[in-house]
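Please read the structure below before turning to the comments.
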Protein chains: 2
Amino acid sequence: MAAGLDEIDRRLLDELQHDADRTNAELAGLVGLSPTATLHRIRKLKESGVIRRIRADLDPALVGFPLKVYVTISLARHTPKFERTFYEALRAVPEVITADVIAGETDMVIVIAARDVPDLQRILLKLSLHGAQRITTFLHLEEIKPSAPLPVLRAPDET
Amino acid sequence: MAAGLDEIDRRLLDELQHDADRTNAELAGLVGLSPTATLHRIRKLKESGVIRRIRADLDPALVGFPLKVYVTISLARHTPKFERTFYEALRAVPEVITADVIAGETDMVIVIAARDVPDLQRILLKLSLHGAQRITTFLHLEEIKPSAPLPVLRAPDET
DNA sequence: GATGAAATAGCATTTGC
DNA sequence: GCAAATGCTATTTCATC
């Protein structure tokens, strides 16, 4: 836990992770502080980067992306330049929702949102052309737990 | 794409995915509509479930969760009751950030955020005790593309 | 350095068009 | 979908602990 986060900060973060669509006055009431103090705290949390952004979370199917797949990828080569170029390609493909380098049997895990199977095929082909090897796709079937907030309220040393 | 989303709706959704921390008046200016019309549209998008929620996106490391792992799991049994119980267990573990059923070599992919290695070990053990088998963990090393918004602006039939 | 109270400017929200 | 009007909020200023 970064230094300088007290109990009230953590409660604010918890509330904002669950629902940031509330007025400052309402949040102030929830944590028992004046609107002014609450405003100052939230501003600092944003400026320090603890809060990276406030964003709308959409229903993928309702906006035309019913297909979601996890894809593991190994790269064809492992030179720094090749890797950098491939990472840039990932960032440039809008249907690539997340991309992470991992340690394990494979090099990366990425998540792709697609409109339909041909759309998905087109995206995978594009990645392949950019130097992805051993591409393994796992089709998402069912969401058991959708993007839970980080459990910031639990004390750092509690088990 | 769900029926009833026109170009302006999609632009609003795109803006809100990138940054929902703006006033209604500002968004109205961006899409060239009056504040009233913008307010009505956004309210409808929320009520219809297209916008699931507005939330704060935190920096995991700065709030004490420097460790992130992808975990693939196969279940010990595949009876409906066993599955349901296991899914409930996943939802009850706060460090489990997402959990998806997938089609492929394994049954599920989950993402875990942990404070340190012992913390991670404790969580994995807990999942194991609940009936997870063939647990494979992939340690997250580097974020190449952090949670990009859905590309709602691209027309549904464009390639 | 952080908080609270009062004041102002701006916004969300409603009503009527 | 727009414009005007109202009530509320964010935000600043200033004082306090």
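Heavy atoms only: backbone and side chains are in, while hydrogens, waters and symmetry mates are out. Quantities reported herein were computed from a predicted structural model and do not represent experimental measurements. Letters A, B, ... mirror the listed sequences (proteins, then strands); counts begin at 1.
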Subject >> Given D:dC2, D:dT12, C:dT3, the nucleotide with the shortest approach to the side chain of A:Ala37 >> reply: C:dT3

Subject >> Nucleotide nearest B:Leu33 when distance is taken to its side chain, options D:dT13, C:dT13, D:dG1 >> reply: D:dG1

Original post:
Can you check the A:Arg43 CZ to D:dA10 P distance for me, whole Å?
Top reply: 12 Å

Subject >> Side-chain donor or acceptor of B:Lys145 paired with backbone N/O of A:Val93 under 3.5 Å >> reply: yes

**OP:** Look only at the side chain of B:Lys46 and the backbone of B:Arg53, and say whether a donor-acceptor pair between them is shorter than 3.5 Å.
**Re:** no

Original post:
Is any side-chain nitrogen or oxygen of A:Arg41 closer than 4.0 Å to OP1 or OP2 of C:dT3?
Top reply: yes

Original post:
What is the distance from CG of A:Leu12 to C1' of C:dA2, rounded to the nearest Å?
Top reply: 14 Å

Original post:
A:Ile42 CD1 to D:dT9 C1': how many Å, rounded?
Top reply: 13 Å

Original post:
What's the CD1-C1' distance between A:Ile8 and C:dG1, to the nearest Å?
Top reply: 14 Å

Original post:
Given C:dA2, is OP1 or OP2 found less than 4.0 Å from the side-chain N or O atoms of A:Lys44?
Top reply: yes

Subject >> Ionic contact status for A:Arg115 with A:Glu95, cut-off 4.0 Å >> reply: no

**OP:** Report which part of the nucleic acid B:His40 touches: base, sugar-phosphate, or nothing (heavy-atom distance under 4.0 Å, all strands).
**Re:** nothing

Subject >> Pairs where residues 54-80 of chain A contributes a residue and the test salt bridge (Lys or Arg N to Asp or Glu O under 4.0 Å) is met, not counting sequence neighbours >> reply: A:Asp57-B:Arg52, A:Lys68-B:Asp100

**OP:** Please lay out, stage by stage, how A:Thr106 and A:Ser74 fare under the test side-chain hydrogen bond (donor to acceptor under 3.5 Å, both in side chains).
**Re:** CA-CA 5 Å; A:Thr106 185; A:Ser74 290; 3.2 Å; yes

**OP:** Under 4.0 Å from any atom of DNA chain D, heavy atoms only: list the residues of residues 15-28 of chain B that qualify, in numerical order.
**Re:** none

Subject >> For the student: nearest non-hydrogen atoms of A:Asn24 and A:Leu39, plus distance >> reply: OD1-N, 3.5 Å

